[in-house]
Amino acid sequence: MSELRKLSFGYLGLLALLALTVGSSLVDLGGLNVALNLAIAAAKAVLIALLFMHLTGTLPRLAVGAAGLWLVILFGLTLIGR
Amino acid sequence: MSGTESVAFDTPRRERRADNLAMWVFIGSEAMLFGAIFLIFLVAHIDLGPAFAAASKCLSLPLGTVNTAVLITSSFTMALAHMLALHRRWRATIQALAATSALGACFLVVKGIEYGKKAWRRCLAFRFAIPDRIRLMPNSSSTSISR
(Lines give C-alpha, C1' and ligand atoms only; values in the text may rest on other atoms or scores of the structure.)
Protein backbone atom coordinates (compact mmCIF):
# COMPACT_ATOMS: atom_id res chain seq x y z
CA MET A 1 0.00 0.00 0.00
CA SER A 2 1.17 3.52 -0.80
CA GLU A 3 0.57 4.79 2.74
CA LEU A 4 3.21 2.43 4.09
CA ARG A 5 5.61 3.66 1.43
CA LYS A 6 4.89 7.25 2.48
CA LEU A 7 5.65 6.48 6.15
CA SER A 8 8.81 4.55 5.24
CA PHE A 9 9.97 7.45 3.09
CA GLY A 10 9.43 9.81 6.02
CA TYR A 11 11.29 7.48 8.38
CA LEU A 12 14.30 7.12 6.07
CA GLY A 13 14.29 10.88 5.41
CA LEU A 14 14.37 11.60 9.15
CA LEU A 15 17.24 9.15 9.68
CA ALA A 16 19.16 10.76 6.80
CA LEU A 17 18.65 14.20 8.36
CA LEU A 18 19.86 12.80 11.71
CA ALA A 19 23.00 11.51 9.98
CA LEU A 20 23.47 14.96 8.44
CA THR A 21 23.17 16.57 11.90
CA VAL A 22 25.75 14.20 13.40
CA GLY A 23 28.05 14.72 10.41
CA SER A 24 27.80 18.50 10.68
CA SER A 25 28.78 18.34 14.37
CA LEU A 26 32.12 16.80 13.37
CA VAL A 27 33.13 19.65 11.05
CA ASP A 28 33.54 23.24 12.18
CA LEU A 29 31.71 25.58 9.82
CA GLY A 30 31.86 28.58 12.13
CA GLY A 31 28.53 30.33 12.52
CA LEU A 32 27.13 28.23 9.70
CA ASN A 33 26.75 25.19 12.01
CA VAL A 34 23.86 26.75 13.92
CA ALA A 35 22.12 27.90 10.72
CA LEU A 36 22.53 24.46 9.15
CA ASN A 37 21.18 22.67 12.22
CA LEU A 38 18.15 24.97 12.39
CA ALA A 39 17.49 24.31 8.68
CA ILE A 40 17.75 20.54 9.28
CA ALA A 41 15.38 20.81 12.25
CA ALA A 42 12.88 22.73 10.10
CA ALA A 43 13.12 20.05 7.38
CA LYS A 44 12.48 17.34 10.01
CA ALA A 45 9.43 19.22 11.30
CA VAL A 46 8.02 19.50 7.76
CA LEU A 47 8.57 15.76 7.12
CA ILE A 48 6.85 14.80 10.39
CA ALA A 49 3.93 17.21 9.94
CA LEU A 50 3.21 16.20 6.34
CA LEU A 51 3.98 12.45 6.32
CA PHE A 52 3.49 11.26 9.92
CA MET A 53 0.81 13.67 11.13
CA HIS A 54 -1.08 14.19 7.83
CA LEU A 55 -1.18 17.97 7.93
CA THR A 56 -3.67 18.45 5.11
CA GLY A 57 -6.65 20.69 4.50
CA THR A 58 -6.95 24.46 4.64
CA LEU A 59 -8.15 24.89 8.22
CA PRO A 60 -5.48 22.73 9.95
CA ARG A 61 -2.77 24.47 7.92
CA LEU A 62 -4.25 27.83 8.88
CA ALA A 63 -4.13 26.82 12.57
CA VAL A 64 -0.47 25.81 12.27
CA GLY A 65 0.31 28.99 10.35
CA ALA A 66 -1.32 31.06 13.10
CA ALA A 67 0.82 29.30 15.72
CA GLY A 68 3.89 30.04 13.60
CA LEU A 69 2.90 33.71 13.30
CA TRP A 70 2.62 34.07 17.09
CA LEU A 71 5.99 32.36 17.55
CA VAL A 72 7.53 34.86 15.12
CA ILE A 73 6.03 37.70 17.19
CA LEU A 74 7.28 36.10 20.45
CA PHE A 75 10.83 35.57 19.18
CA GLY A 76 10.96 38.76 17.10
CA LEU A 77 9.86 41.19 19.81
CA THR A 78 12.07 39.53 22.42
CA LEU A 79 15.21 39.53 20.32
CA ILE A 80 14.65 42.96 18.75
CA GLY A 81 14.69 44.64 22.16
CA ARG A 82 18.08 43.26 23.10
CA MET B 1 -14.87 5.73 10.67
CA SER B 2 -16.33 4.95 14.10
CA GLY B 3 -19.56 2.99 14.07
CA THR B 4 -21.17 5.12 16.76
CA GLU B 5 -23.69 7.82 15.87
CA SER B 6 -22.41 11.35 16.17
CA VAL B 7 -24.46 13.60 18.45
CA ALA B 8 -22.97 16.97 17.63
CA PHE B 9 -22.35 16.62 13.89
CA ASP B 10 -24.56 15.80 10.92
CA THR B 11 -22.08 13.45 9.29
CA PRO B 12 -19.17 11.35 10.57
CA ARG B 13 -16.96 12.96 7.94
CA ARG B 14 -17.66 16.41 9.34
CA GLU B 15 -16.94 15.20 12.87
CA ARG B 16 -13.63 13.71 11.74
CA ARG B 17 -12.58 16.99 10.18
CA ALA B 18 -13.57 18.91 13.33
CA ASP B 19 -11.57 16.45 15.45
CA ASN B 20 -8.59 16.92 13.18
CA LEU B 21 -8.76 20.71 13.34
CA ALA B 22 -9.11 20.66 17.15
CA MET B 23 -6.03 18.43 17.43
CA TRP B 24 -3.99 20.92 15.39
CA VAL B 25 -5.24 23.82 17.52
CA PHE B 26 -4.13 21.84 20.59
CA ILE B 27 -0.70 21.24 19.02
CA GLY B 28 -0.51 24.97 18.25
CA SER B 29 -1.14 25.77 21.93
CA GLU B 30 1.61 23.31 22.86
CA ALA B 31 3.91 25.14 20.43
CA MET B 32 3.19 28.36 22.36
CA LEU B 33 4.36 26.76 25.63
CA PHE B 34 7.44 25.09 24.21
CA GLY B 35 8.19 28.16 22.06
CA ALA B 36 8.61 30.20 25.25
CA ILE B 37 10.91 27.54 26.73
CA PHE B 38 13.01 27.40 23.55
CA LEU B 39 13.16 31.21 23.56
CA ILE B 40 14.59 31.18 27.11
CA PHE B 41 17.12 28.58 25.95
CA LEU B 42 18.06 30.73 22.93
CA VAL B 43 18.51 33.88 25.02
CA ALA B 44 20.62 31.99 27.57
CA HIS B 45 22.66 30.53 24.71
CA ILE B 46 23.31 34.00 23.29
CA ASP B 47 24.20 35.51 26.68
CA LEU B 48 26.25 32.62 28.04
CA GLY B 49 27.97 31.27 24.92
CA PRO B 50 31.22 30.15 26.61
CA ALA B 51 29.35 28.37 29.43
CA PHE B 52 27.22 26.50 26.88
CA ALA B 53 30.33 25.58 24.88
CA ALA B 54 32.04 24.26 28.01
CA ALA B 55 28.95 22.30 29.09
CA SER B 56 28.49 20.78 25.62
CA LYS B 57 31.84 19.02 26.04
CA CYS B 58 30.14 16.89 28.70
CA LEU B 59 27.52 15.62 26.25
CA SER B 60 27.90 12.16 24.74
CA LEU B 61 27.56 12.17 20.96
CA PRO B 62 26.80 8.40 20.66
CA LEU B 63 24.13 8.46 23.40
CA GLY B 64 22.50 11.58 21.98
CA THR B 65 22.49 10.10 18.48
CA VAL B 66 21.03 6.80 19.68
CA ASN B 67 18.30 8.57 21.59
CA THR B 68 17.35 10.72 18.62
CA ALA B 69 17.14 7.59 16.46
CA VAL B 70 14.95 5.97 19.15
CA LEU B 71 12.65 9.01 19.11
CA ILE B 72 12.40 8.99 15.31
CA THR B 73 11.66 5.26 15.30
CA SER B 74 8.95 5.68 17.93
CA SER B 75 7.40 8.45 15.79
CA PHE B 76 7.39 6.00 12.88
CA THR B 77 5.77 3.16 14.87
CA MET B 78 3.14 5.62 16.19
CA ALA B 79 2.30 6.78 12.65
CA LEU B 80 2.22 3.10 11.68
CA ALA B 81 -0.26 2.37 14.49
CA HIS B 82 -2.49 5.20 13.25
CA MET B 83 -2.41 3.84 9.70
CA LEU B 84 -3.17 0.29 10.86
CA ALA B 85 -6.06 1.51 13.03
CA LEU B 86 -7.60 3.23 10.01
CA HIS B 87 -7.44 -0.14 8.24
CA ARG B 88 -9.02 -1.80 11.33
CA ARG B 89 -6.12 -4.20 11.71
CA TRP B 90 -6.35 -4.13 15.49
CA ARG B 91 -3.79 -6.79 16.38
CA ALA B 92 -1.09 -5.07 14.31
CA THR B 93 -2.20 -1.71 15.74
CA ILE B 94 -1.64 -2.96 19.27
CA GLN B 95 1.76 -4.34 18.32
CA ALA B 96 2.78 -0.98 16.85
CA LEU B 97 1.56 0.82 19.98
CA ALA B 98 3.47 -1.64 22.18
CA ALA B 99 6.61 -0.99 20.13
CA THR B 100 6.08 2.76 20.61
CA SER B 101 5.79 2.28 24.40
CA ALA B 102 8.90 0.09 24.48
CA LEU B 103 10.85 2.72 22.54
CA GLY B 104 9.61 5.38 24.97
CA ALA B 105 10.92 3.31 27.88
CA CYS B 106 14.19 2.82 25.97
CA PHE B 107 14.47 6.60 25.57
CA LEU B 108 14.09 7.09 29.34
CA VAL B 109 16.72 4.43 30.07
CA VAL B 110 19.25 6.14 27.77
CA LYS B 111 18.39 9.51 29.38
CA GLY B 112 18.97 7.94 32.79
CA ILE B 113 22.38 6.68 31.69
CA GLU B 114 23.26 10.12 30.29
CA TYR B 115 22.29 11.97 33.45
CA GLY B 116 23.93 9.31 35.62
CA LYS B 117 27.20 9.74 33.76
CA LYS B 118 26.97 13.52 33.98
CA ALA B 119 26.27 13.42 37.71
CA TRP B 120 29.19 11.01 38.16
CA ARG B 121 31.52 13.36 36.29
CA ARG B 122 30.03 16.37 38.13
CA CYS B 123 28.91 17.85 34.84
CA LEU B 124 25.37 18.95 35.71
CA ALA B 125 24.14 22.51 35.16
CA PHE B 126 25.01 25.48 37.40
CA ARG B 127 28.59 24.29 37.65
CA PHE B 128 29.66 26.44 34.74
CA ALA B 129 30.92 29.96 35.35
CA ILE B 130 28.58 32.80 34.44
CA PRO B 131 30.51 35.86 33.23
CA ASP B 132 30.40 38.87 35.55
CA ARG B 133 29.20 41.01 32.64
CA ILE B 134 25.75 39.47 32.99
CA ARG B 135 25.46 40.28 36.69
CA LEU B 136 26.54 43.88 36.08
CA MET B 137 24.13 44.56 33.26
CA PRO B 138 21.61 47.16 34.51
CA ASN B 139 18.67 45.82 32.51
CA SER B 140 19.43 42.14 33.06
CA SER B 141 16.06 41.19 34.45
CA SER B 142 16.19 38.45 37.08
CA THR B 143 19.52 39.22 38.74
CA SER B 144 18.92 42.93 39.19
CA ILE B 145 15.45 42.35 40.62
CA SER B 146 16.54 39.67 43.07
CA ARG B 147 19.29 41.85 44.53
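Reminder, nothing fancy here: chain letters follow the sequence lines and each chain counts from 1.
- Taking hydrophobic clusters as Ile, Leu, Val, Met, Phe, Trp and Tyr residues chained together by side-chain heavy-atom distances below 4.5 Å, F38(B) does not share a cluster with V34(A).
- In this structure, W120(B) is not a member of the same hydrophobic cluster as L59(B), with clusters built from ILVMFWY side-chain heavy atoms closer than 4.5 Å.
- Here the shortest heavy-atom pairing between A31(B) and L71(A) reads O-CD2, 3.7 Å.
- Counting heavy atoms from C-beta on, the side chains of T68(B) and K44(A) come closer than 4.5 Å.
- The hydrophobic cluster containing L32(A) also contains L26(A), counting ILVMFWY residues as joined when their side-chain heavy atoms lie under 4.5 angstrom apart, directly or transitively.
- L61(B) touches chain A through its side chain: at least one heavy atom from C-beta onward sits under 4.5 Å away, while N, CA, C and O do not.
- Top candidate by heavy-atom pairs under 4.5 Å with chain B, chosen from L15(A), L14(A), L7(A), is L7(A).
- Heavy-atom neighbours of M32(B) CE from other residues, nucleotides or ligands within 6.0 Å: above the threshold of 12.
- Distance check: I72(B) CD1 to I48(A) CD1 gives 7.0 Å after rounding to the nearest 0.5 Å.
- Per-residue counts of heavy-atom pairs under 4.5 Å with chain B were compared for L55(A), T78(A), L62(A); the largest is that of L55(A).
- A continuous path of Ile, Leu, Val, Met, Phe, Trp and Tyr side chains, each step under 4.5 Å between heavy atoms, connects L48(B) with F41(B), placing both in one hydrophobic cluster.
- The CD1 atom of I27(B) lies 3.5 Å from the CE atom of M53(A); values are rounded to the nearest 0.5 Å.
- Interatomic distance, N20(B) CG to T56(A) OG1, rounded to the nearest 0.5 Å: 6.5 Å.
- Proximity to chain B involves both the backbone and the side chain of A67(A), based on heavy atoms less than 4.5 angstrom apart.
- For L42(B), the part lying under 4.5 angstrom from a heavy atom of chain A is the side chain only.
- Other residues, nucleotides and ligands place no more than 12 heavy atoms under 6.0 Å from the NE2 atom of H82(B).
- Within the 4.5 angstrom heavy-atom criterion, only side-chain atoms of L79(A), from C-beta onward, approach chain B.
- There is no path of hydrophobic side-chain contacts, each under 4.5 Å, that joins I94(B) to L84(B).
- The aromatic rings of F76(B) and Y11(A) sit parallel to each other, their planes meeting at less than 30°, with 60° as the upper class boundary.
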**Item:** Test log, rule side-chain contact (heavy atoms from CB on, under 4.5 Å), inputs K6(A) and M83(B)
**Value:** CA-CA 11 Å; K6(A) 208 168 89 172; M83(B) 184 197 83; over 6 Å; no
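- Contacts of L17(A) with chain B are absent, with no heavy-atom separation under 4.5 Å from either backbone or side chain.
- Residues G35(B) and L74(A) come closest through the heavy atom pair C-CD2, 4.0 Å.
- Within the 4.5 angstrom heavy-atom criterion, no atom of S29(B) approaches chain A.
- Here the closest non-hydrogen pair linking L21(B) and A63(A) is CD1-CB, 4.2 Å.
- Contact of S25(A) with chain B is made through the side chain alone, with heavy-atom distances under 4.5 Å.
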